[in-house]
Protein chains: 2
Amino acid sequence: MFSIGALAKRTGVKIPTIRYYEQMGLIAPLERTEGNQRRYGRPELEQLGFIKHARDLGFSIDAILGLIALQDHPDRTCVEATEIARAQLADVRAKIAKLTALEGELNRLAQGCNGNGIAGECYVLAALADHQRCEADH
Amino acid sequence: MFSIGALAKRTGVKIPTIRYYEQMGLIAPLERTEGNQRRYGRPELEQLGFIKHARDLGFSIDAILGLIALQDHPDRTCVEATEIARAQLADVRAKIAKLTALEGELNRLAQGCNGNGIAGECYVLAALADHQRCEADH
DNA sequence: ATAATTGCTCTAGTGACTAGAGGTTCAAGG
DNA sequence: CCTTGAACCTCTAGTCACTAGAGCAATTAT
């Protein structure tokens, strides 16, 4: 049985975030002290590890709630968990694609100007003002 | 001179967003009608195009405010504009790197399970619970 | 016993919008 | 000229995943 501070230190999740997760229904402490302080056990430690890992992978709180519901009903098929993971993967891939396109344009933008001119004829500002110069459409 | 609705249609920026940008100090209409409705001209159209383009490239409202300040003082050197663009590029590259790492892990996650087992022995849930199985650290 | 640390709840702020309520103004047709 | 309906106005609150701070209570160490 340990305090919220100890849990925070062990998992690397900040104290207010743990309390926020509790509010969102992700982890509740097993019990409280007489003075109303949260006391956690090993299962909560593992649960929070799970949550942190999923958050690091970009899963939304809502998606994690779904995964937790699956953990709590291990008789359900695994399809749902895999679907959540696949959706997340698709999301990440879409983001990568978009960011890569932006990288290309920003690169041209940043290289077009050596930084020695004056802003009145700055390539960066001109390029931002004139979308025509873009290769990809966004 | 055209209305906010016409401006929205021409630029593809939604009406509430235009009003929000005005609140943030990005674009103000030249004038208002007697009945207090916004009326925009060509300069505002171009300004909003600039803003949209920069937002599409991931620039923050704050960064765009900086760029606009440069436009308004064309005597300043171009260095600042380039610096803002370079910072944005670095940011985008960092995000791509992080997302690519996540993509790898998510891919393993989603492929480890064919979706036919039961959640009690689901690879997705197990992998999320056990960070040890990860290759990269995040 | 006391001081230092840690904990509690509650409210409000972040960024970049989006949604809705409740009311006003404009443009077009009759 | 008048009415109708679309578009407009302001203002407040909600989104997501936290983060910060106020003001107070409990625990721990000395």
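In what follows, chains carry the letters A, B, and so on, assigned in the order in which the sequence lines appear, proteins first and then strands, with residues in each chain numbered from 1. Atom set for the values below is all heavy atoms of this structure, side chains included, hydrogens, waters and symmetry mates excluded.
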*Just how far, in rounded Å, is C1' of D/dA7 from OH of B/Tyr40?*
14 Å
*Report yes or no: is the cationic atom of A/Arg39 (NZ for Lys, CZ for Arg) closer than 6.0 Å to the six-membered ring centre of A/Phe2, at no more than 45° off its axis?*
no
*Interatomic distance, A/Ile18 CD1 vs C/dG7 C1' [rounded to whole Å]*: 12 Å
*Taking the side chain of B/Tyr21 as its heavy atoms from C-beta onward, which of D/dA17, C/dC17, D/dC8 lies nearest to it?*
C/dC17
_D/dC9 OP1/OP2 closer than 4.0 Å to side-chain N/O of B/Arg19_ = yes
*Look only at the side chain of B/Glu22 and the backbone of B/Pro29, and say whether a donor-acceptor pair between them is shorter than 3.5 Å.*
no
_Need one value for A/Arg55: base, sugar-phosphate or nothing, where a base atom within 4.0 Å counts as base even if backbone is also close, heavy atoms only._
sugar-phosphate
Grab the N/O contacts between the protein and nucleotides 18-23 of chain C below 3.5 Å, and write none if there aren't any.
| unit_1 | atom_1 | unit_2 | atom_2 | d |
| --- | --- | --- | --- | --- |
| C/dT18 | OP2 | B/Thr17 | OG1 | 2.8 |

*Do the side-chain N or O atoms of B/Arg38 get closer than 4.0 angstrom to the phosphate oxygens (OP1, OP2) of D/dC8?*
no
_Main-chain N/O of B/Val92 paired with A/Glu103 side-chain donor or acceptor, under 3.5 Å_ = no
*Backbone N or O of B/Val13 within a donor-acceptor pair of the B/Thr17 side chain at under 3.5 Å?*
no
*Would you kindly compare B/Lys9 and A/Asp62 by the position of their nearest DNA chain D nucleotide and give the one closer to the 5′ end?*
B/Lys9
*Straight-line distance of B/Ile64 CD1 to B/Phe50 CZ, nearest 0.5 Å*: 7.5 Å
*Roughly, in whole Å, what's the span from CE in A/Met1 to P in D/dT28?*
14 Å
_Atom-to-atom span, CD of A/Gln23 to P of D/dC18 - whole angstrom_ = 13 Å
*Rounding to a whole Å, what distance do you find between A/Ile15:CD1 and D/dT27:P?*
16 Å
*Hey, does the side chain of A/Glu44 reach the backbone of A/Gly41 with a donor-acceptor pair shorter than 3.5 angstrom?*
yes
_I need the CE-C1' distance between B/Met24 and C/dG15, as an integer number of Å._
9 Å
*asked:* Does a side-chain N or O of A/Ser3 approach OP1 or OP2 of C/dG7 to a distance below 4.0 Å, or not?
replied: yes
*Length of the line joining A/Glu22:CD and D/dC18:C1', which is rounded to integer Å*: 15 Å
_Ionic contact status for B/Glu31 with B/Arg38, cut-off 4.0 Å_ = no
*From C/dG7, D/dC8, D/dA17, pick the nucleotide closest to the side chain of A/Ile4?*
C/dG7
*Quick check: does any side chain N or O of A/Glu105 sit under 3.5 Å from a backbone N or O of A/Leu102, one acting as donor and the other as acceptor?*
no
_Is it the case that the side chain of B/Arg55 and the backbone of B/Phe59 share a donor-acceptor pair, with hydrogens and angles ignored and the cut-off at 3.5 Å?_
yes
List every contact pair, protein side and nucleotides 24-28 of chain C side both N or O, where the distance is under 3.5 Å.
| unit_1 | atom_1 | unit_2 | atom_2 | d |
| --- | --- | --- | --- | --- |
| C/dC26 | OP1 | B/Thr33 | OG1 | 2.8 |
| C/dC26 | OP1 | B/Gly35 | N | 3.1 |

*Counting only heavy atoms not in A/Arg32, do more than 12 sit closer than 6.0 Å to its CZ atom?*
yes
*What is the distance, rounded to the nearest whole Å, between atom CZ of B/Phe59 and atom P of C/dG15?*
18 Å
